[in-house]
Amino acid sequence: MPKEYRTIKEVAGPLMLVEGVSGVTYDELGEIELVDGEVRRCKVLEVNGSNALVQLFDASTGINLSNSKVRFLGRSMELGVSEDMLGRVFNGLGTPIDDGPEILPEKRLNINGVAMNPAARLYPEEFIQTGVSAIDGLNTLVRGQKLPIFSASGLPHANLAAQIARQAKVRGTDENFAVVFAAIGITFEEANFFVESFRETGALDRTVLFTNLANDPAIERIATPRMALTCAEYLAFEKDMHVLVILTDITNYADALREVSAARKEVPGRRGYPGYMYTDLATLYERAGRQIGKAGSITMIPILTMPEDDKTHPIPDLTGYITEGQIILSRELYRKGIRPPIDVLPSLSRLKDKGIGEGKTRDDHSNTMNQLFAAYARGKDAKELMVILGEAALTEIDLIYAKFAEAFEQEYVSQGYDNDRSIEETLEIGWKLLSILPRSELKRIDDKFLDKYYGK
């Protein structure tokens, strides 16, 4: 039986100081028993001699300093895992909230995970088809990659996240594919949107959902992505599944980190975020990947809303350093009615070259991808010139490029949230658009591919 303490010295907001403790360690879980028998949970944030600073998971109202008892449980936060978690909805602390039965765990795992040895990592190189042309065709997602989506407030990142979760698959195999979806600090309405969206399409059967709502405590928000990743690691490396982890919204997570840091009176860093935010985000993102000798893999798509649409803000800035590229959503495209509004030019997947080509997608993929990028960039320049100088100032070829850019946005990028395109369809649309341009302009494509596909 854990030892009980009645030595609560003070309570300040979500923090509580307990004196005269022994054998208590950092990150250990504890319970506070109130006079009426109610039990609330807490976690040790700091140990200084015989004093322990703990953070409450619930409100601090009603805690009587002299009569409340604290006991420390001798373990850090754990998640009971089992294959039965698929198709279930949990709160941010891993408790089922879908009216289903409790999970009977196969084992209990520490939610902080075990660091993956860099030498034991396998290089990501297998294509994952998301069914979204702007990603599959131009910024390809590869199994084991971390590819964040940089969005802005009011843009439909939730729709895109749900679409990828529903549609993503590894082609040509009947391998087990699962989605672990963690919603961090979102509204009830958004959480409901994800659950219903997965339920309607039958995708819920292969999905594990963790939802932490905006009115849940900040400390729970910090635990939610770790719960999700612990579940993903179990499914990937012990049950040999290919797991896609989607975390939305990392900005809410970082704000919770800042809130806890401020409560602990730590010295703030850039924009008030703690100086260790880079390390903290890395402990999440680096849990994705493939391991030598293990059949499963974890691919991660973190989603974050850039405050004030600013990609130099600390959250997107640090995320960009740790991950392999980014998909950027554009307010301008959204206003034009492009759905999803993916801005392909500043978007980047650093591993796309590894996941495309013969045997993975198609042999013409690399050539057409480069040509589409180049033609769209030139077409956008031509459209900007047209705005400044008027249509009459453009050469004939510039007008063709401007027409191409318009068609590219409308037909290639814009596809709605229910359209699941195979990579072949995406490549065909690419060729159809490239056929708008004279063959002599397609300098980045090998003649053998032009003979085979151009104008067909």
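It should be emphasised that the depicted structure is a prediction, and the values quoted were computed from it without experimental measurement.
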Here the gap from Q326 atom CD to S349 atom OG, rounded to the nearest 0.5 Å, amounts to 9.5 Å
**Prompt:** Sub-3.5 Å donor-acceptor pair from the side chain of S414 to the main-chain atoms of R339, do we have one?
**Reply:** yes
What one should report as the nearest heavy-atom pair of V18 and Y5 is CG1-CB, 4.2 Å
Item to complete: Run the numbers on R41 and D58 for salt bridge (Lys or Arg N to Asp or Glu O under 4.0 Å), then give the verdict.
Response: CA-CA 7 Å; R41 289 185 299 175; D58 308 283; 5.5 Å; no
message: Taking the side chain as everything from C-beta on, heavy atoms only, tell me whether L93 gets closer than 4.5 Å to M77.
response: yes
Taking side chain as C-beta onward, heavy atoms only, is P118 less than 4.5 Å from E286?
no
Checklist entry - Given the rule in the side chain to side chain contact (heavy atoms under 4.5 Å, CB included) test, do Y273 and D255 qualify, once you have shown the distances and angles that lead to the verdict? => result CA-CA 8 Å; Y273 291 97; D255 286 345; 2.8 Å; yes
Rounded to the nearest 0.5 angstrom, the CE-CG distance for M277 and L257 is 7.5 Å
Correct closest heavy-atom pair for T248 and I186 would be O-CG2, 4.1 Å
Note to self: Does any part of the side chain of H313, heavy atoms only, come nearer than 4.5 Å to the side chain of M306, both counted from C-beta?
What the structure shows: no
_Heavy-atom neighbours of Y276 OH exceed 12 at 6.0 Å_ = yes
| query | Is a side-chain N or O of R88 found less than 3.5 angstrom from the main chain of P101, in a donor-acceptor match? | reply | yes
Which of Q145, E126, E125 passes side-chain hydrogen bond (donor to acceptor under 3.5 Å, both in side chains) with R290? Answer is E126
Closest non-hydrogen contact found for N419 with Q163 is O-NE2, 3.4 Å
Item to complete: Show the numbers, then the answer: is there a side chain to side chain donor-acceptor pair (under 3.5 Å) between R171 and S422?
Response: CA-CA 10 Å; R171 288 163 44 99; S422 69; 5.3 Å; no
- prompt: Are Y253 and N212 close enough, and set up right, to give a side chain to side chain donor-acceptor pair (under 3.5 Å), and what steps lead you there?
  reply: CA-CA 10 Å; Y253 170 83; N212 162 271; over 6 Å; no
- Hey, are R199 and E196 close enough for a salt bridge, meaning a charged N less than 4.0 Å from a carboxylate O? yes
ask   = Is it true that the side chains of R287 and T230 contain a donor and an acceptor less than 3.5 Å apart?
value = yes
Practice task
Before accepting this row, confirm whether a basic side-chain N of the pair E259/R221 lies closer than 4.0 Å to the acidic partner's carboxylate O.
Solution key: no
One pair to check against side chain to side chain contact (heavy atoms under 4.5 Å, CB included): D317 and R270. What are the steps and the verdict? CA-CA 11 Å; D317 188 33; R270 235 182 352 153; 3.0 Å; yes
| Under 3.5 Å, is there a donor-acceptor pair between the side chain of E28 and the main chain of G74? | yes
Between the NZ atom in K146 and the OH atom in Y285, the distance rounded to the nearest 0.5 Å is 10.5 Å
Report task. Take E428 and R362 through the salt bridge (Lys or Arg N to Asp or Glu O under 4.0 Å) test and state the conclusion after the steps. Result -> CA-CA 11 Å; E428 291 313 318; R362 208 167 74 180; 3.0 Å; yes
Note to self: Looking at D310 and P307, would you say the former's side chain and the latter's main chain have a donor-acceptor pair under 3.5 Å?
What the structure shows: no
Checklist entry - So, does S60 use its side chain to make a donor-acceptor pair with the main chain of G13 at under 3.5 Å? => result yes
Of all heavy-atom pairs linking K352 and F373, the shortest is NZ-CE1, 3.6 Å
**Item:** Lys/Arg-Asp/Glu bridge criterion (N-O < 4.0 Å) met for K169, D136
**Value:** no
Quiz item: Mind checking whether N159 and P340 have side chains closer than 4.5 Å, heavy atoms only?
Solution: no
Scanning both residues in full, the closest heavy-atom pair of T224 with G92 reads OG1-CA, 3.3 Å
Mind checking whether L372 and V344 have side chains closer than 4.5 Å, heavy atoms only? no
Validation row: M369, D353 side chains within 4.5 angstrom (heavy atoms) = yes
Crowded around K311 NZ? As in, over 12 foreign heavy atoms under 6.0 Å? no
Note to self: Regarding T25 and D27, do their side chains bring together a donor and an acceptor under 3.5 Å, going by distance alone?
What the structure shows: no
Distance col, row Q291:CD vs L122:CG, nearest 0.5 angstrom, shows 9.0 Å
Open item on the list: Main chain of G144, side chain of T299: is a donor-acceptor contact present, judged purely on distance under 3.5 Å?
Closed with: yes
d(D309 CG, L329 CG) to nearest 0.5 Å is 10.5 Å
Taking the side chain as C-beta and beyond, is there a heavy-atom pair between V21 and V70 under 4.5 Å?
no
Exercise. Carefully, step by step, assess Y376 and E409 under the rule side chain to side chain donor-acceptor pair (under 3.5 Å).
Key: CA-CA 9 Å; Y376 180 50; E409 289 173 1; 2.6 Å; yes
d(L15 CG, I219 CD1) to nearest 0.5 Å is 9.0 Å
Item checked: Verdict with reasoning, I184 to F210, per side chain to side chain contact (heavy atoms under 4.5 Å, CB included) -> CA-CA 8 Å; I184 308 162; F210 290 86; over 6 Å; no
Could you check whether any side-chain N or O of T361 sits under 3.5 Å from a backbone N or O of I356, counting only pairs where one atom can act as donor and the other as acceptor? no
Does L104 have more than 12 heavy atoms from other residues, nucleotides or ligands lying within 6.0 Å of its CG? no
- prompt: Is there a side-chain contact between T283 and N112, using heavy atoms and a 4.5 Å cut-off?
  reply: no
Query raised in the report: Is there a side chain to side chain contact (heavy atoms under 4.5 Å, CB included) between F150 and D343 once you walk through the steps?
Result: CA-CA 10 Å; F150 288 6; D343 195 350; over 6 Å; no
Correct closest heavy-atom pair for L433 and E411 would be CD2-OE1, 4.1 Å
### Message
Can you confirm whether K336 is buried at NZ, in the sense that more than 12 heavy atoms of other residues, nucleotides or ligands lie under 6.0 Å from that atom?
### Response
yes
| Given R421 and S133, is the side chain to side chain donor-acceptor pair (under 3.5 Å) satisfied, shown in steps? | CA-CA 7 Å; R421 290 179 181 167; S133 291; 2.8 Å; yes
Item to check | Within 6.0 Å of CD in E308, more than 12 heavy atoms from elsewhere | outcome: no
### Task
Please check if the side chain of Q55 supplies one atom and the backbone of R264 the other of a donor-acceptor pair under 3.5 Å.
no
